[in-house]
Amino acid sequence: MLSVTLLLLGMLFTARGTGAQLVTQPDGHISVSEGNHLELRCNYSYGGSINLFWYVQYPSQGLQVLLKYLSGTTWVKGIKGFEAEFKKDEKSFHLMKASAHWSDSAKYFCALCYTVPESAGGAEQKPSQTL
């Protein structure tokens, strides 16, 4: 039976903002036997409105979007049989696959993107007035 090796790395994308936000993938590096259930954990510390992503990087290739959560349903289906569950109360977005395959061996990145409302930073612009 083959082993599937996965390297996990977290990323944080910000549009504008203050304060520290954190994305963690507590497993770091895991091995799963081919055919077994696969779960990659992702936790975050930001409490505002967010978008969440899982990326994959296969050997000698660039990053690819595996799946993304923008809003709506808590279950997100991605490519190659992957899916993730968004749990706002637990601040988690765990990636899962029912049956791991040797071709799943890659680096996986959990990413968070948030935006700050327009009035939250910088100067406010007022319309010009004519006297």
Side-chain angles (χ1 to χ4, degrees):
M1 183 168 273
L2 295 173
S3 178
V4 178
T5 302
L6 308 159
L7 179 63
L8 308 173
L9 301 167
M11 296 190 295
L12 171 68
F13 299 112
T14 60
R16 275 192 335 188
T18 59
Q21 290 76 36
L22 185 61
V23 175
T24 57
Q25 293 176 244
D27 301 314
H29 183 272
I30 65 169
S31 292
V32 178
S33 295
E34 188 170 21
N36 285 355
H37 175 81
L38 167 65
E39 182 172 355
L40 307 178
R41 297 181 300 159
C42 176
N43 301 303
Y44 61 92
S45 64
Y46 187 69
S49 179
I50 58 171
N51 298 322
L52 291 160
F53 303 84
W54 273 99
Y55 291 88
V56 62
Q57 185 175 26
Y58 296 104
S60 302
Q61 295 184 20
L63 286 176
Q64 300 174 35
V65 176
L66 197 55
L67 54 79
K68 59 187 171 183
Y69 170 82
L70 302 177
S71 66
T73 182
T74 59
W75 277 100
V76 180
K77 293 196 182 282
I79 60 172
K80 298 187 179 188
F82 283 95
E83 58 186 13
E85 184 177 15
F86 171 62
K87 293 184 179 179
K88 186 174 184 176
D89 293 342
E90 296 178 16
K91 294 186 177 177
S92 68
F93 190 55
H94 301 332
L95 182 68
M96 291 164 258
K97 187 171 184 181
S99 180
H101 189 265
W102 68 267
S103 63
D104 296 324
S105 294
K107 295 178 185 177
Y108 290 81
F109 301 84
C110 180
L112 176 151
C113 176
Y114 72 95
T115 57
V116 177
E118 285 297 317
S119 62
E124 185 175 325
Q125 185 175 3
K126 294 184 180 183
S128 59
Q129 296 180 359
T130 305
L131 295 175

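For the numbers below, each heavy atom of this structure counts, side chains included, while hydrogens, waters and symmetry mates do not.
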### Value rounded to 0.5 Å, distance of OG in Ser99 from CD in Glu34
7.5 Å
### Task
Answer yes if Tyr58 and Ile30 sit in the same cluster of Ile, Leu, Val, Met, Phe, Trp and Tyr residues linked by side chain heavy atoms under 4.5 Å apart, and no otherwise.
yes
### Task
To the nearest 0.5 Å, tell me how far Leu38 CG sits from Phe82 CZ.
5.5 Å
### Task
Would you list the pairs meeting salt bridge (charged side-chain N to carboxylate O under 4.0 Å, His left out) in which at least one residue belongs to residues 58-79, sequence neighbours left out?
Lys77-Glu83
### Message
Pair Tyr44, Ile50 - check side-chain contact (heavy atoms from CB on, under 4.5 Å), show working.
### Response
CA-CA 10 Å; Tyr44 61 92; Ile50 58 171; 3.5 Å; yes
### Query
Is any side-chain heavy atom of Glu90 closer than 4.5 Å to a side-chain heavy atom of Asn43?
no
### Message
Any non-hydrogen side-chain atom of Glu85 less than 4.5 Å from a side-chain atom of Phe93?
### Response
no
### Query
Less than 4.5 Å apart, any side-chain heavy atom of Trp54 and any of Tyr108?
yes
### Task
Mind running side-chain contact (heavy atoms from CB on, under 4.5 Å) on Phe53 and Leu67 for me, showing each step along the way?
CA-CA 6 Å; Phe53 303 84; Leu67 54 79; over 6 Å; no
### Leu52 CG to Leu95 CG distance, which is reported to the nearest 0.5 Å
12.0 Å
### Task
To the nearest 0.5 angstrom, please state how far the NE2 atom of His101 sits from the CG atom of Asn36.
13.5 Å
### Message
To the closest 0.5 Å, what do you measure between OG (Ser45) and NZ (Lys91)?
### Response
7.0 Å
### Message
If the condition is side-chain hydrogen bond (donor to acceptor under 3.5 Å, both in side chains), which residues does Gln64 pass it with, not counting sequence neighbours?
### Response
Gln61
### Query
Excluding sequence neighbours, so at least two apart, what forms side-chain hydrogen bond (donor to acceptor under 3.5 Å, both in side chains) with Lys97?
Asp104
### Message
Restricting to non-hydrogen atoms, name the atom on Leu70 and the atom on Asn51 that form the minimum distance, rounded to 0.1 Å.
### Response
O-OD1, 3.3 Å
### Task
Show your working on side-chain contact (heavy atoms from CB on, under 4.5 Å) between Leu66 and Ile79 and close with a plain yes or no.
CA-CA 6 Å; Leu66 197 55; Ile79 60 172; 3.5 Å; yes
### Query
What about Trp75 and Phe86, same hydrophobic cluster or not, with Ile/Leu/Val/Met/Phe/Trp/Tyr joined at side-chain heavy-atom distances under 4.5 Å?
no
